[in-house]
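Here's the structure, in structure tokens; my notes come after.
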Protein chains: 2
Amino acid sequence: MTQPRPAGQHTVRRHNSALVLAAVAESPGISRAGVAARTGLTKATVSSLVDRLIGASLVHDAGPERRPGPGRRGTSLSLCPSGPHGLGVEIGVDYVATCLVDLTGRTRHERVRPAENRSRPVPEVLAEVAAELTAALGEAGALGVAVGGIGVAVPGLVEASTGLLRRAPNLDWDDVDVPAELRDRAALPDVEILVGNEANFAALAELWAGGHTGPRDFVHVSGEIGIGAGIVIGGELFDGVHGFGGELGHFPVTPDGPRCTCGARGCLERLAGQDVILERAGAADLGDLLDRLVAGEDRAAGAVREAGRWLGTALSAVVNLLDVPAVVLGGTYAHLHPWLADPLRAELRARVLGGPWSPVEVLRSDLGTEAAVRGAAASAVRTILADPDAFMASLS
Amino acid sequence: MTQPRPAGQHTVRRHNSALVLAAVAESPGISRAGVAARTGLTKATVSSLVDRLIGASLVHDAGPERRPGPGRRGTSLSLCPSGPHGLGVEIGVDYVATCLVDLTGRTRHERVRPAENRSRPVPEVLAEVAAELTAALGEAGALGVAVGGIGVAVPGLVEASTGLLRRAPNLDWDDVDVPAELRDRAALPDVEILVGNEANFAALAELWAGGHTGPRDFVHVSGEIGIGAGIVIGGELFDGVHGFGGELGHFPVTPDGPRCTCGARGCLERLAGQDVILERAGAADLGDLLDRLVAGEDRAAGAVREAGRWLGTALSAVVNLLDVPAVVLGGTYAHLHPWLADPLRAELRARVLGGPWSPVEVLRSDLGTEAAVRGAAASAVRTILADPDAFMASLS
DNA sequence: TGGAATAGTTCGGTCACTGAACTTATCCAT
DNA sequence: ATGGATAAGTTCAGTGACCGAACTATTCCA
């Protein structure tokens, strides 16, 4: 049970600072008066809070706004482009990616280095990841910006309470304390290090992509080596009690299906995973598969349709359970969307109980494979945006 | 998106009032000084807040506490037994139940009236429910207590945003605004009326039963006419975006199973529901089945084992998705627990990925069929406990 | 019987928000 | 050009809620 905390005036300021910052983030170019109207705070309070945020270089005052009509012009406020940046790292199975984003979520730097991380000694891989981190920190120095937080995406189960990477099947890692190991190997600034599942970070990247217009409740499914899912509800990641939530790859979709590496039978991964689709379609790789689909090859289309049905079966259960109104296809599935969406939708229509009152949308992600790193980096800055007072306190 | 609200001093008081009340609720007989130590607030603040809570008859001052050692004795604080009560109503398929609970959750009055509500005219049923409500209100009057909130449990999908009962399959009701209809037919006090799914309320009752010792994260599964599930995470009900969450009965557990009333195939309800178990076991009713199980009849044990395996398959997916550490069996399943738990556990062990680090517990609910009404009534008082300032404001 | 320990109250101080008055800046009609 | 209307932003006294320290009240025990 989380320790309940007493509230005081500082709590109020904390809350309102975040409120003001969120208003600025959601409508860049807004004036202090606009923020006051949006948040319900008085102009006096907003002025005071904005001044503090500007002092911490979280908000930027871009001079008078342009607006028709009478009256004095307000000053345009926006998130400070030179404010603290978020640094993301992804330890993939065959690559290490780093990425630097500013407060608005814009990518300032990105780098993907191929690396065969699978079943290599853990310290060796971590040393290389640390080197990438150091390089990215140098990049931040060259841009003249501070790093306010670090996010690390890993392909495995991360325990939320401890931050421990419990198990990464495709790396064959067990119980690695990633933040501690990285701190040992690189001179990292004294900022928070978030570790999380790669699929969850990808879902968050999807949430934050394209401003504030997208859905705030969805399941993001990405088919890469395994099948990863990230659940976003109310604009927040839902990852369960330990942080192990969102596992969809081993969803028991048919009891007498093929045996899976996890020991069980009929896991979704064995019926709708990328490898299986390619095999059924007789395609060499994803590019080949897409060519065959475009050419209208029956076998390819059939393979994708079948995967769509299995995926739909699993997702209908997810929707019935969580009552999420949208499914976003990412990774490999994003490419297959045109052929995958219809059978998926059909299955959802047939099985979702709440369907008649709120049909489930099947959307396609525009983000590529960089989704996870970007999500990791963006998570770091979102931590600051969500609680600017904590960040400001850490400055002194 | 919920409108963000500015915080002020009143917000602080609100938060701290709830904090203090929660401390009193969790350790009855605690003194003001104890509350201060527990919450981190100063004695001065606690005194002021407690006085207000006593004024609203939410807290009761039971005189000096008994304790060995030197020093002045504190005064025992506890939730006021004569404070506002919660009134619960359950519109079942073949009964209407009402129940009155005090702030501590203790049942003060309970009544179950058999009624054939299935496919009878909706207004007729509602009129009878309203009559039951009026009777329960009279009971509250006789006890000399006020009703501070009403909870209504229904066997169907309730839309959280509107409070509308969208669809109750076993009643064959569609789009009924239950609170409005009840207000039209009975003289209800001006208090909030919560409408919710019966399985969800049962899960909440389970959460609140037995003090504060039970798990705060679990899936509550009850097998009655259908299969209902309620998900509790972090001590709160998780019911999804629209409130349709927690539907487990139509979990697609095998693609080529028997056809279900919902139109799909292989729904859990058709493989592990009460009717199916009885039929497979060749038992006339639940009592008969239990007799056969106790007698060690193979056919009965086999039927329950099979249901356990199907249930385990579905629940393993739930656990992988939501990462909940416990499954609580309620309703019919509670009675079958001794025979059901082992196959269920085996299935979970085989399929839950996070299992090795946090094995899933399979528990048994001690509550009977009254779980849902009690949960509904308790929800009403919990609303008050969760935000006592709102309740106090409504008094004036 | 007085000292130590603990519970609860009183009261001045601090901090963050509010509301109203005020200053600054812009448009527009005269 | 000029004054009135309009709007943005600032200043400042006022309010409310918590904190801390001093104080009172009660109990045990040597």
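A note on names: the letters A, B, ... follow the listed sequences, proteins ahead of strands, and every chain is numbered from 1.
Taking only side-chain nitrogens and oxygens, A:N16 comes nearer than 4.0 Å to OP1 or OP2 of C:dC17. Close to C:dC15, at under 4.0 Å from its OP1 or OP2, lies no side-chain N or O of A:R13. At the phosphate of C:dT18, OP1 or OP2 sits under 4.0 Å from a side-chain N or O atom of A:T42.
Counting any heavy atom pair closer than 4.0 Å across all strands shown, A:S31 reaches sugar-phosphate atoms only and no base atom. The residue A:T75 sits close only to the backbone: its heavy atoms come under 4.0 Å of sugar-phosphate atoms, none of a base.
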Item checked: Protein-to-nucleotide contact annotation, 5' to 3' order, nucleotides 20-30 of chain C [B base; S sugar-phosphate only; - none; under 4.0 Å, heavy atom] -> ----BBBS---
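Distance A:L49 CG to C:dC17 C1': 9 Å, rounded to the nearest Å. The distance between atom CG of A:L41 and atom P of D:dG9, rounded to the nearest whole Å, is 15 Å. Atom-to-atom, CD of A:E65 to C1' of D:dT6 comes out at 14 Å; the value is rounded to the nearest Å. Between the C1' atom of C:dT6 and the CD1 atom of B:I30 lies a distance of 15 Å, rounded to the nearest Å. To the nearest angstrom, P of D:dC18 lies 17 Å from CZ of A:R5. Rounded to whole Å, atom C1' of C:dT18 lies 9 Å from atom CD of B:Q9. The interatomic distance linking A:L77 (CG) with D:dA8 (C1') rounds to 11 Å, in whole Å. Nucleotide C:dC17 holds its P atom 13 Å from the CG atom of A:D51, rounded to whole Å.
Contact check on B:E26 versus B:R38 returns a salt bridge, with a Lys/Arg side-chain nitrogen under 4.0 Å from an Asp/Glu carboxylate oxygen.
A distance-only check finds a donor-acceptor pair linking the side chain of A:T162 to the backbone of A:L164 [under 3.5 Å]. Judged by distance alone, the side chain of A:D102 and the main-chain N or O of A:G105 form a donor-acceptor pair under 3.5 Å.
Counting heavy atoms from C-beta on, the side chains of B:T45 and B:S47 never come closer than 4.5 Å.
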Notebook entry, point to check: Hey, mind stepping through A:R13 and A:D389 against salt bridge (charged side-chain N to carboxylate O under 4.0 Å, His left out) and telling me if it holds?
Noted result: CA-CA 8 Å; A:R13 170 144 281 205; A:D389 258 31; 5.5 Å; no
Margin query: Before you tell me yes or no, could you show the steps for B:R382 and B:D387 under salt bridge (charged side-chain N to carboxylate O under 4.0 Å, His left out), namely the whole-Å CA-CA distance, both residues' side-chain angles and the distance that decides it to 0.1 Å?
Written below: CA-CA 8 Å; B:R382 287 276 159 173; B:D387 190 357; over 6 Å; no
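The 5' end of DNA chain D is approached more closely, in terms of each residue's nearest nucleotide, by A:S47 than by the other of A:S47 and A:A7.
Sorted by first and then second residue, the salt bridge (charged side-chain N to carboxylate O under 4.0 Å, His left out) pairs involving residues 67-77 of chain B (not counting sequence neighbours) are B:E65-B:R67.
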